[in-house]
Amino acid sequence: MTRSRAPIGRWAIVALCVAFFAVPLVALAIFSFTSGSGWTTAAYSAIFRDAQFWKSVGLSLLLAALTTVLSLTLMVPTVLWVHLRAPQYRSLIEAITLLVFAVPPITLVIGASGLLLGLVPKLLGTPLILVPFYIVLSFAFTFRALDAGVKSVDLHTLVDAAHSLGAGTASTVMRVILPNLRTAILGAAFLTITVVLGEYVLSSLFLYNTLPVYMADVGTSQAQGAAALALITVLFTWLLLIAVSVVSRRLGGQRVGTMIAST
Amino acid sequence: MESGDRVKRRLPGWIGIAPFFIVAFLFLIWPAYAVVLQAFESSDGGFTLDNIATATGPQYRDAFLTSGLLSLATALIGGVLGTLLTYAVCTLERPRFLKSAMSTFSGVASQFGGVPLAFAFVASLGSAGLVTALLAKIGINLYGTGFSLLSFSGLVIVYLYFQIPLMLIVMTPAVEGLRASWREAAEGLGASTFQYWARVGIPLLTPAFIGGVVLLFANAFAAYATAQVLTSGSVNLVPIQIGFFVQGNVFAGNTGVGYALALGMIVVVSLALLINILLQRRVSRWTS
């Protein structure tokens with residue numbers, strides 16, 4: 001689509017949307033650094049002094065790490081298996097990953113709470129119970145990222161070439177397939193980490209103090225503190241995205257930004 | 001291929017997907033099934049339609065109505081703005097980075113629901129927010145006009161923050177599929193810009209547009225965290241009502257109603273997703 005006429009209308013809509021996207025983030029930053037009288041970092045120092053903050057950061061990072069590792073351990077072999085050996089199951093797996101959207105987290109919570117502990121979730125024991133649910137919540141993203149990654153390399157040719165050169169299945173996977181899927185795996189990991197770090201519904205209703213739950217809690221009494229926490233989260237997500245993009249570009253893979261947008 | 005075939009004979013195909021299926025069953029399908037089952041279960045374990053009757057009755061009708069209206073409003077506004085934005089981003093060629101920057105941003109922003117989003121809007125449009133203060137300086141008393149971030153119109157604005165990016169992701173393939181040669185052909189046959197859009201452009205984009213709007217509807221209908229944190233549960237939406245049941249804030253004895261509400265939500269969202277999938281399939285037929 002090319003047009004010769006002056007694109008004023010199109011520029012106006014882009015400017016409007018960019019302003020709409022940018023203003024809340026800029027306001028968040030300014031708000032977190034101001035008090036009634038002027039500029040201050042009081043909100044940040046109060047948060048960093050709060051032991052509960054470090055606990056919730058620790059819990060959220062632990063959940064993110066466990067979920068990412070276990071999710072990839074589950075999904076990479078599944079996607080490879082489906083593409084190499086059992087393509088008849090691909091659409092079934094895709095349907096299950098899409099089912100996640102049909103069962104919203106809030107309904108997942110009430111269904112699971114009925115099964116696990118009666119309706120009132122008090123004694124679930126360990127926050128690690130969240131991990132399998134987070135793996136499920138990130139199914140669609142990991143599946144699509146890995147599926148697209150596998151489709152973009154000629155998997156069958158790679159496997160046949162490796163086998164004809166005498167490689168066994170294990171060394172084919174480790175030394176041929178996985179290196180070719182690095183960008184897809186990075187993208188899937190990034191999406192999983194984003195899902196876990198932002199997840200509020202399950203952790204708040206199962207009564208675990210993850211970072212978003214702590215943030216909401218702070219927000220009920222100190223708006224500046226909550227704004228500071230929100231800004232830290234947003235900046236961390238973007239830094240992570242930039243890091244992942246840089247690494248994957250260095251590896252010579254597909255652009256992660258393009259991939260994330262398409263999942 | 002021989003090596004692959006040899007292994008194929010050793011192990012049946014379903015073995016490799018069994019771990020995935022077990023996790024999906026335990027932590028997705030079983031809880032969903034529990035919702036369906038318990039929605040029809042009375043407190044003494046028998047079959048009943050009472051829960052469904054209560055969940056669809058006058059007590060909860062407002063929750064479904066408000067959720068539906070909020071989802072519809074944000075889906076339509078987000079759908080139109082998102083489509084215009086997609087068209088603008090896909091056709092403007094000058095800043096090369098515009099399209100990739102916007103699509104990367106959208107990929108993250110469409111997931112950027114939840115708690116940080118609520119506070120970003122508290123900081124800008126809340127009663128002590130910066131935009132509210134700026135408007136006051138130029139003589140516009142935003143909260144004097146009856147606006148509140150915690151009201152229906154406030155939630156619409158907040159939801160648009162993730163709805164517009166989601167629409168951009170959904171519409172990009174369809175808008176990119178509009179080929180320049182089709183426009184040239186229309187112009188070559190003497191069509192005006194208006195005629196091109198009325199007869200070619202809009203009809204071609206319509207299935208993707210409707211599919212996108214329906215997806216946005218499902219997305220808004222299922223959202224819990226943003227509304228809960230923003231309003232502390234004071235807005236009457238279906239997910240917030242379900243949350244009350246989970247928290248045990250509802251009188252004991254009628255917990256089945258919580259499951260019935262959850263079932264209602266699954267039905268609404270599933271229908272919307274189904275329509276979206278059917279329409280997107282139609283789009284991919286002519287864009288590929």
Side-chain angles (χ1 to χ4, degrees), chain A residues 1-3 7 10 13-14 17 23-25 27-28 30-31 74 78 81-82 84-86 89 93 96 99-104 106-115 119-120 132-133 135-136 160 163 194 198 200-201 205 212 215-216 219 223 226-227 230 233-234 237 241 257-258 260-261, chain B residues 1 3-4 8 13 16-17 19-20 23-24 27-28 30-32 34-35 38 84-85 88-92 100 103-104 106-109 111 114-116 119-124 129-131 164 169 178 180 222 224-225 229 239 242-243 245-248 255 258-259 262 265-266 269-270 273:
Chain A
M1 293 293 302
T2 45
R3 289 183 56 183
R10 282 174 285 159
I13 186 84
V14 170
C17 287
V23 164
L25 295 178
L28 192 64
I30 298 174
F31 192 78
L74 178 71
T78 303
W81 180 274
V82 160
L84 283 172
R85 302 276 299 282
Y89 292 117
I93 300 224
I96 291 175
L99 195 64
V100 178
F101 296 119
V103 185
I106 184 77
T107 63
L108 200 57
V109 168
I110 195 169
S113 66
L115 297 172
L119 203 59
V120 186
F133 288 106
I135 293 175
V136 166
D160 290 340
H163 281 173
T194 324
Y200 174 76
V201 186
L205 290 172
M215 197 188 301
T233 311
V234 171
T237 308
L241 178 62
T258 326
I260 284 161
Chain B
M1 280 319 270
S3 52
K8 198 176 274 175
I17 63 157
F20 168 83
V23 174
F27 298 99
L28 176 67
W30 195 30
V35 168
Q38 302 199 51
L84 291 175
L85 180 65
V89 166
C90 288
T91 54
L92 286 170
S100 66
S103 67
T104 305
S106 296
V108 178
Q111 301 305 316
V115 189
F119 290 124
F121 274 93
V122 168
S124 42
L130 293 176
V131 176
I164 296 175
I169 294 171
L178 284 181
Y224 168 81
V229 172
I242 299 172
F245 278 95
V246 180
Q247 289 163 334
T255 52
Y259 292 104
M265 175 180 249
I266 293 176
V269 172
S270 303
L273 291 175

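Not measured: the values here are computed from a predicted model. Below, read A as the first sequence line, B as the second, and so on, with proteins coming before strands; counting in each chain starts at 1.
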Quick check on B/Leu273 against chain A: is it the side chain, the backbone, both or neither that has a heavy atom closer than 4.5 Å?
side chain
Measure distances from B/Val229 to the heavy atoms of chain A and classify the residue's part below 4.5 Å as side chain, backbone, both or neither.
side chain
Looking at A/Thr233, A/Val109, A/Leu108, which has the largest count of heavy-atom pairs under 4.5 Å with chain B?
A/Leu108
Chain B contact via A/Tyr89 - which portion, at a heavy-atom distance below 4.5 Å
side chain
Highest number of heavy-atom pairs under 4.5 Å with chain B: which of A/Ala227, A/Pro132, A/Gly219, A/Gly198?
A/Pro132
With rounding to the nearest 0.5 angstrom, report the CG to CG distance, A/Asp160 to A/Leu84.
9.0 Å
Quick one: OH on B/Tyr259 to CD1 on A/Ile110, what's the gap to the nearest 0.5 Å?
5.5 Å
Which one of B/Leu84, B/Val89, B/Leu92, B/Val23 has the most heavy-atom pairs closer than 4.5 Å to chain A?
B/Leu92
Roughly how far apart are B/Ile17 CD1 and A/Thr78 OG1, rounded to 0.5 Å?
8.5 Å
Tell me which of these, A/Ala102, A/Ala216, A/Pro104, has more heavy-atom pairs under 4.5 Å with chain B than the rest.
A/Ala102
Taking the six-membered ring for Trp, are B/Tyr224 and A/Tyr200 parallel (under 30°), tilted (30 to 60°) or perpendicular (over 60°)?
parallel
Against chain B, label A/Val14 side chain, backbone, both or neither, depending on which of its atoms sit under 4.5 Å from a heavy atom there.
both
For chain A, the option from B/Val35, B/Ile164, B/Leu85 that forms the most heavy-atom pairs under 4.5 Å
B/Leu85
Interatomic spacing from CD1 in A/Ile106 to CD1 in B/Ile242 - rounded to 0.5 Å
6.0 Å
Can you tell me how far CG of A/Leu241 sits from OG1 of B/Thr104, rounded to the nearest 0.5 angstrom?
6.5 Å
Under 4.5 Å from a heavy atom of chain B, the part of A/Leu74 involved
side chain
Most heavy-atom pairs under 4.5 angstrom with chain B, which of A/Val82, A/Val103, A/Val201, A/Leu99?
A/Val201
Please check if the side chain of B/Trp30 supplies one atom and the backbone of A/Ala112 the other of a donor-acceptor pair under 3.5 Å.
no
Just so I know, are the side chains of B/Phe27 and A/Ile135 near enough to count as touching, which here means a heavy-atom distance under 4.5 Å?
no
